[in-house]
Protein chains: 2
Amino acid sequence: MTANAVLSESLEDYLEAIFHIIAEKQAARAKDISRQLKVAGSSVTGALRSLAKKGLINYAPYDLITLTPAGRKAAKDVVRRHEALRDFFVNVLAVGYAEADEAACRIEHVISKNILERLIQFAEFVEICPRGGSKWIAGFGYHCDHGDTRENCEKCISLILEDLKRKKTGGKSMSIINLKDLKQGQRARVEKITARGDTNKRLVEMGVTPGAVIEVERLAPLGDPVEVKVKGYHLSLRKSEAEGIDVELI
Amino acid sequence: MTANAVLSESLEDYLEAIFHIIAEKQAARAKDISRQLKVAGSSVTGALRSLAKKGLINYAPYDLITLTPAGRKAAKDVVRRHEALRDFFVNVLAVGYAEADEAACRIEHVISKNILERLIQFAEFVEICPRGGSKWIAGFGYHCDHGDTRENCEKCISLILEDLKRKKTGGKSMSIINLKDLKQGQRARVEKITARGDTNKRLVEMGVTPGAVIEVERLAPLGDPVEVKVKGYHLSLRKSEAEGIDVELI
DNA sequence: ACAAAATGTTAGGCACGCCTTATTTTTTTA
DNA sequence: TAAAAAAATAAGGCGTGCCTAACATTTTGT
Ligand SMILES: [Mn+2]
Ligand SMILES: [Mn+2]
Ligand SMILES: [Mn+2]
Ligand SMILES: [Mn+2]
């Protein structure tokens with residue numbers, strides 16, 4: 001009921017846990033939550049009452065637990081913060097997944113909206129800018145280990161130049177294709193949403209808008225579903241949804 | 001007495017506040033702390049008792065407050081985390097100082113040692129690598145606002161090339177100079193510590209070791225003291241200390 | 001169908017960390 | 001130097017979030 005309840009760090013973690021459990025098995029039980037968060041069952045009962053009072057979960061004693069629309073929205077917000085931070089640590093700082101995940105789950109509760117957006121954009125920028133990219137991140141790794149990058153980086157620069165030349169002579173730019181035709185790992189800029197009605201609405205809601213950069217993270221055997229990353233969100237799109245998105249390969 | 005007391009987020013903030021107050025006026029009073037942290041005086045009394053019990057401050061009722069050696073060490077550690085995070089937000093993510101400072105003071109309590117070091121190295125790498133630098137950060141700003149960097153970045157690349165050529169033809173590399181001869185804003189790699197005895201020890205303790213990158217942040221009129229940044233630490237060096245450090249300009 | 005096992009809730013307690021109000025001590029000022 | 005002002009502390013209270021132990025309900029296996 002409450003419009004924008006302020007959630008404690010603890011309640012955000014409960015919400016996040018419930019979200020993940022529900023993603024796997026429709027409804028959560030207190031035991032699942034206590035196992036995941038490593039707290040006593042009685043602590044879960046208390047948290048559930050709090051969340052129910054705030055209108056974020058459907059809960060009755062001894063009953064299964066589901067998220068209300070408001071709860072789902074709040075949970076998705078926490079998850080997005082968590083994943084964006086984790087991605088930054090893994091993709092930019094080259095930290096191991098487990099360590100990045102743990103750190104993300106602590107920082108997610110205290111990072112400001114604005115700085116989070118910057119971080120997401122930065123991670124995207126590093127991947128997209130011809131001066132950035134995986135070779136550059138590798139250069140960062142080298143810098144971490146040896147502290148000296150001058151010669152190494154000069155070599156990098158020539159590599160970038162070659163890349164750029166290849167791109168200029170090779171492909172004509174502005175080849176608009178359909179999202180469903182992208183392969184795993186490819187990145188593209190959203191040009192147009194051709195989907196209409198509910199699908200259109202859902203896509204826009206999820207952050208898929210013209211200009212956004214979209215990356216294909218995983219592709220199921222028949223292209224359904226396709227897992228993508230947009231603006232820090234990790235999304236799973238049905239093929240029918242992917243078909244409604246025109247993109248330009250980057 | 002306790003070797004490595006685990007401090008709550010709250011106690012870390014108290015310690016940090018005491019450190020900053022002492023830096024300005026020798027000893028802190030409860031009132032200074034309550035003003036800075038915006039808490040009631042009685043809350044400060046409680047915190048001071050905790051810190052004294054942990055052997056981090058010298059404190060007796062109604063008396064002035066100073067840091068013990070252990071307390072100073074713990075406080076410096078908090079301050080370093082705070083400043084490193086703030087620097088990253090300001091210098092890499094181009095966030096405003098005030099916002100960066102506030103965010104840093106929340107995240108400082110939950111960031112892991114390892115990720116902090118990565119962040120510090122990353123900020124340094126971005127400044128040092130010829131593919132990074134201020135123009136690149138400006139490119140990031142452009143990316144944030146317009147979302148499109150292709151052409152802009154191609155222009156950047158040619159600029160880098162020019163920079164590199166100029167450096168190659170112009171300066172002979174390996175010009176070892178003394179830290180005291182650096183100007184504000186210049187960066188250098190530490191080559192050798194010529195200082196001996198206590199000064200040597202102090203410098204090494206502060207992270208000034210061969211290979212470290214050192215940046216001159218501010219220079220007092222007669223070069224004493226000189227404020228520098230090394231490995232995420234912001235340090236104030238006396239001229240006599242600066243003279244004991246040989247560096248190579250980057 | 002019913003006992004055993006699993007799950008969930010209640011009750012009571014503890015540690016933090018903050019507050020307000022009252023009291024004590026120190027410092028200032030007239 | 002004594003009254004007034006400022007600073008600090010003590011006492012009591014509140015909310016959060018965790019725990020254990022005891023009790024209640026539901027599910028499972030025979
Ligand atoms: Mn968390
Ligand atoms: Mn999390
Ligand atoms: Mn803080
Ligand atoms: Mn701080």
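Lettering follows sequence order; numbering is per chain, from 1. These numbers come from the heavy atoms of this one structure, side chains and all, not from hydrogens, waters or symmetry mates.
The A/Ser42 side chain lies nearest to D/dA21 when the options are C/dC18, D/dA11, D/dA21. When distances are taken from the side chain of B/Val39 to each of D/dT20, D/dT9, C/dC19, the shortest belongs to C/dC19.
B/Arg35 comes within contact range of no nucleotide atom at all, as no heavy-atom separation falls under 4.0 Å. Nucleic acid contact class of A/Ser10 (heavy atoms, under 4.0 Å, all strands): sugar-phosphate only. At the heavy-atom level, B/Ser8 lies under 4.0 Å from the strands shown only through sugar-phosphate atoms. Residue B/Ala40 is classed as a base contact, given a heavy-atom separation below 4.0 Å to a base. Across all strands, A/Ser43 comes closer than 4.0 Å to base atoms (heavy-atom distances).
For the pair B/Lys31 and A/Leu11, nearest-nucleotide mapping onto DNA chain D gives the more 5' position to B/Lys31. Along DNA chain D, the nucleotide nearest to B/Ala30 and the one nearest to A/Tyr62 differ in position, and the one closer to the 5' end is contacted by B/Ala30.
Taking a cutoff of 4.0 Å between a charged side-chain nitrogen and a carboxylate oxygen, B/Lys201 and B/Asp198 do not qualify as a salt bridge. Ion pair B/Lys113/B/Glu108 not flagged as a salt bridge, since none of the NZ, NE, NH1 or NH2 atoms sits closer than 4.0 Å to an Asp/Glu carboxylate oxygen.
Residue A/Tyr14 contributes atom OH, which lies 14 Å from atom P of D/dT16 at whole-angstrom precision. What separates CD of B/Glu9 from C1' of C/dC18 is a distance of 15 Å, to the nearest Å. Straight-line distance from the CG atom of B/Leu48 to the C1' atom of D/dA8: 10 Å, rounded to whole Å. The separation between A/Leu51 atom CG and D/dT16 atom C1' is 13 Å, rounded to whole Å. Rounding to whole angstrom units, CG of residue A/Asp63 and C1' of C/dT9 are separated by 14 Å. Per the geometry, CZ belonging to B/Arg49 stands 8 Å off C1' belonging to D/dA10, to the nearest Å. The separation between A/Leu64 atom CG and C/dG8 atom P is 9 Å, rounded to whole Å. Rounded to an integer number of Å, the gap from A/Arg29 CZ to C/dA6 P is 12 Å.
At a cut-off of 3.5 angstrom, the base of D/dT16 holds no donor-acceptor pair with the side chain of A/Ser50.
Using a distance-only test at 3.5 Å, with no hydrogens or angles considered, no donor-acceptor pair links the side chain of B/Thr68 to the main chain of B/Asn58. Side chain of A/Arg86 to backbone of A/Asp101: no donor-acceptor contact under 3.5 angstrom is found.
Between A/Phe122 and B/Phe122, the distance separating the two ring centers is shorter than 6.0 angstrom.
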